[in-house]
Amino acid sequence: MNKVRVRFAPSPTGFLHIGGLRTALYDYLYARHYGGTVILRIEDTDQNRLVTGAVENLLNSFHKLGMEFDEGPLLGGDYGPYFQSQRLETYHKYAQELIEKGVAYPCFCSAETLDEMRKDLQDKKLFPKYDRRCLQLSKAEIDKRIASGEKHVLRLKMPDERTFIINDEIRGQIEIDTHQLDDQVIIKSDGFPTYHLAAVVDDHLMEITHVIRGEEWLSSTPKHIFLYECFGWTAPKWVHLPLILNPDRSKLSKRMNDVSVDSYLEKGYLKEALLNFVALLGWHGADDRELYTLEELCSEFTLERVSKAGAVFDLAKLDWMNGQYIRNLPLDYLADIVKPQYLNAGLDISDEVKYHKVIEVVRSRATLLTDFVPCSERYYKELDIEIKDMELLRTETSKGVLSWILPHLQAMSNPDAETLKNLINNGTEALALKGKLYYTPLNIALSYSSSCPELHNIIEILGIPETLKRLHKALTF
RNA sequence: GACCCCUUCGUCUAUCGGUUAGGACUCAAGAUUUUCAUUCUUGCAAGAGGGGUUCGACUCCCCUAGGGGUCGCCA
């Protein structure tokens, strides 16, 4: 078997979205699993839909995710250029070959004419395909109209009676009859090729072995197979991935909700979690494992374990998975990732030891990376106390608790967790108080909130001097 | 509408003819003896329906239903 070469071929019309990421990821995993090559090819053949900066965004998103292509824009490679807009001569050369072979013909019909024709056919409950009126044109007339500069496209002349067989790696054998197939436009009137021609030519020239793409391409695959035949080329293996769905089971589109990869990253999802989660949307390992690193996915991934049915994107599970990564990734790594957020919030995290203690405590209750700063402010600055909590602080019982613990802490310099836990426990007995009556005043005094992590953690983070300061302050309320 | 694809707990899925149909998320309850989390335990919850084939079907075949995709000078 030839060395695996696969490509991710997006059109630069916006940001990388979840669906695109899943396709790209499977391309990537498949190539890595078999020691092959992943190529990024930009399908910028629609001049009307180009979005400036889209390619940069795309590249940047993949970079952020740690997915590196082997060939593509910026990276180069032996099969470039990797922008289809830079390969126009190539497409025209092959289009010419199709004309010579009699399987492509010019069409001068206007958009309006086509619309009318389709409407008419639909009214008659017929399949709305081009009626080939321009195929009747004489050679002389065609030459004359082209010479006069009349706008025209090039169409592929599909066979009349034929059943195409697609051997899909995931779905098996699929049959599609040509009655359902239109004479596809392959060169548009602006001289650009359509996807069908460009993708086939490039996939062949770039020696792509497996075309891994979304299921939405299944119905037009016969056109592609036919093109391979016309050129006398061997077609690649077809791999049509199940779609990613919205909760209502419609195709996950750019329209509905926000599905750009960047926005998930900005919302505080870790790339590790996003990649892991997206990989599991349509693929599952042989065992019950759910958590995989990118490297582990590379070694485990095979097409045989890709499912056929579409998968709903379930945010709740992504949240859970993100929490798993937040809790289990190395502390230093996590601390580095969130550092900019702390700096942005104006928190002084120059005390590295304290910062790491904070991260360790905060990570246990975080779902998103963006949860860190809000949960950490209490360790770095004075916060407002709710009126209700303030009132509780003013009660005699509360003052008793604070006054009791103060001198004990004062006598300590750098207590460890065990010492602090003992001290805190002793207080419940010494004061004959328990539960909220005892703990809540301390919670509020030290963390400005009745709900907080365990007290010994807070004291450890704050240090004795700051702890005493907060207790004194609380007693003045 | 036509064609194509798909169909196991609400969701992601395991099962490649013989299982008490397993795991994960969500949800509920309990424990971890302050709270919020974390963690752990337990629980709720599924083979779309109908025919075949077979000693035996979630698994193979057919029909029906439902969902999705495609039907552009968009990809």
Side-chain angles (χ1 to χ4, degrees), chain A residues 9-13 43-49 107 109-111 114-115 118 122 125-129 151-155 166 168 170-171 174-177 179-182 184-196 198-199 213-222 240 242-243 245 247-251 277 280-291 304-305 307-321 323 326-327 361-367 371 375 424-425 428 433-443 447 449-455:
Chain A
S11 59
T13 53
E43 311 230 319
D44 52 350
T45 55
D46 186 352
Q47 295 300 289
N48 303 316
R49 293 207 308 159
C107 167
C109 294
S110 66
L114 259 18
D115 278 350
R118 287 196 187 102
Q122 259 165 353
K125 308 233 171 188
L126 293 168
F127 185 73
K129 66 202 274 193
K151 286 237 171 201
H152 65 283
V153 302
L154 206 60
R155 284 182 185 276
I166 307 167
D168 188 89
I170 292 175
R171 284 151 221 285
I174 295 157
E175 295 183 4
I176 298 180
D177 198 273
H179 291 119
Q180 299 299 318
L181 269 13
D182 202 353
Q184 185 66 49
V185 170
I186 50 176
I187 298 279
K188 300 181 258 190
S189 58
D190 64 1
F192 278 77
T194 57
Y195 171 89
H196 309 279
R213 67 205 337 183
E215 192 190 338
E216 70 267 27
W217 290 105
L218 202 48
S219 356
S220 41
T221 303
H240 290 96
L243 264 17
L245 277 18
D248 69 356
R249 302 205 76 86
S250 61
K251 182 178 168 184
F277 178 71
L280 256 30
L281 250 27
W283 176 86
H284 197 277
D287 51 22
D288 287 333
R289 184 132 81 111
E290 306 256 19
L291 268 15
E304 292 79 64
R305 301 201 65 83
S307 26
K308 294 188 178 91
V312 172
F313 185 92
D314 179 20
L315 202 60
K317 187 146 186 180
L318 208 212
D319 283 345
W320 165 78
M321 196 173 275
I326 282 179
R327 250 150 262 132
V361 167
V362 170
R363 85 196 305 200
S364 77
R365 61 204 60 226
T367 297
D371 293 336
C375 292
I424 294 161
N425 281 337
T428 61
L433 285 173
K434 58 180 179 178
K436 293 183 181 179
L437 281 178
Y438 175 74
Y439 285 96
T440 312
L442 289 167
N443 289 350
S447 80
S449 165
S450 53
S451 164
C452 66
E454 291 184 79
L455 280 170

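Chain naming here is simple, since letters A, B, ... match the order of the sequence lines and numbering starts at 1 in each.
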Tell me, please, which residues at least two apart from [X] pass salt bridge (charged side-chain N to carboxylate O under 4.0 Å, His left out).
X      : result
A:R289 : A:E296
A:D168 : none
A:K129 : none

Roughly how many Å apart are [M] and [N], using the [atom1] atom of each and rounding to a whole number?
N      : M      : atom1 : value
B:rG1  : B:rG18 : P     : 39 Å
B:rG43 : B:rA24 : P     : 11 Å
B:rG30 : B:rU11 : P     : 28 Å
B:rA57 : B:rG50 : P     : 14 Å
B:rU53 : B:rC12 : C1'   : 33 Å
B:rC73 : B:rG10 : C1'   : 44 Å
B:rA37 : B:rU26 : P     : 12 Å
B:rU41 : B:rG51 : P     : 42 Å

How would you label the contact of [X] with the nucleic acid (heavy atoms, under 4.0 Å): base, sugar-phosphate, or nothing?
X      : result
A:R305 : sugar-phosphate
A:K125 : nothing
A:G285 : nothing

- request: Taking the side chain as every heavy atom from C-beta outward, state whether A:L218 and A:R171 have any pair of such atoms under 4.5 Å apart.
  value: yes

Any side-chain heavy-atom pair of A:W217 and A:H196 under 4.5 Å: yes

task: Measure the CG-CG distance between A:L455 and A:N443 for me, rounded to the nearest 0.5 Å.
output: 5.0 Å

- prompt: Roughly how far, to the nearest 0.5 Å, is the OG1 atom of A:T194 from the CD1 atom of A:I186?
  reply: 7.0 Å

field: Partners passing side chain to side chain contact (heavy atoms under 4.5 Å, CB included) against A:K151 (at least two apart in sequence or in another chain)
entry: A:S189

With sequence neighbours excluded, residues passing side chain to side chain donor-acceptor pair (under 3.5 Å) with [X]:
X      : value
A:D371 : none
A:D177 : A:T163, A:H179
A:R249 : none
A:Y195 : A:R213

statement: With sugar-phosphate taken as primed atoms, P, OP1 and OP2 and all else as base, the protein-contact string of nucleotides 58-75 of chain B at under 4.0 Å (heavy atoms; B, S, -) is ---------SSSSSSBBB

message: Treating primed atoms plus P, OP1 and OP2 as sugar-phosphate and everything else as base, which nucleotides of nucleotides 21-28 of chain B get B, S or - for protein heavy atoms under 4.0 Å?
response: -BBBS---

Let me know the distance between [atom1] of [X] and [atom2] of [N], rounded to the nearest Å.
X      : N      : atom1 : atom2 : answer
A:L281 : B:rC6  : CG    : C1'   : 16 Å
A:K308 : B:rC4  : NZ    : C1'   : 15 Å
A:H179 : B:rC3  : NE2   : P     : 12 Å
A:L280 : B:rC12 : CG    : P     : 12 Å
A:E304 : B:rU15 : CD    : P     : 12 Å

- prompt: With both distances under 3.5 Å as the test, what is the Watson-Crick or G-U wobble partner of B:rA31?
  reply: B:rU39

message: Please pick, from B:rC5, B:rU7, B:rA37, the nucleotide with the shortest atom-to-atom distance to any side-chain atom of A:A309.
response: B:rU7

Heteroatom pairs (N/O) under 3.5 angstrom, protein to nucleotides 29-34 of chain B:
| from | atom 1 | to | atom 2 | distance (Å) |
| --- | --- | --- | --- | --- |
| B:rU34 | O2 | A:N443 | ND2 | 3.1 |

field: Those residues that, when tested against A:H284, pass ring pair (Phe, Tyr, Trp, His ring centres under 6.0 Å) (two or more places apart)
entry: none

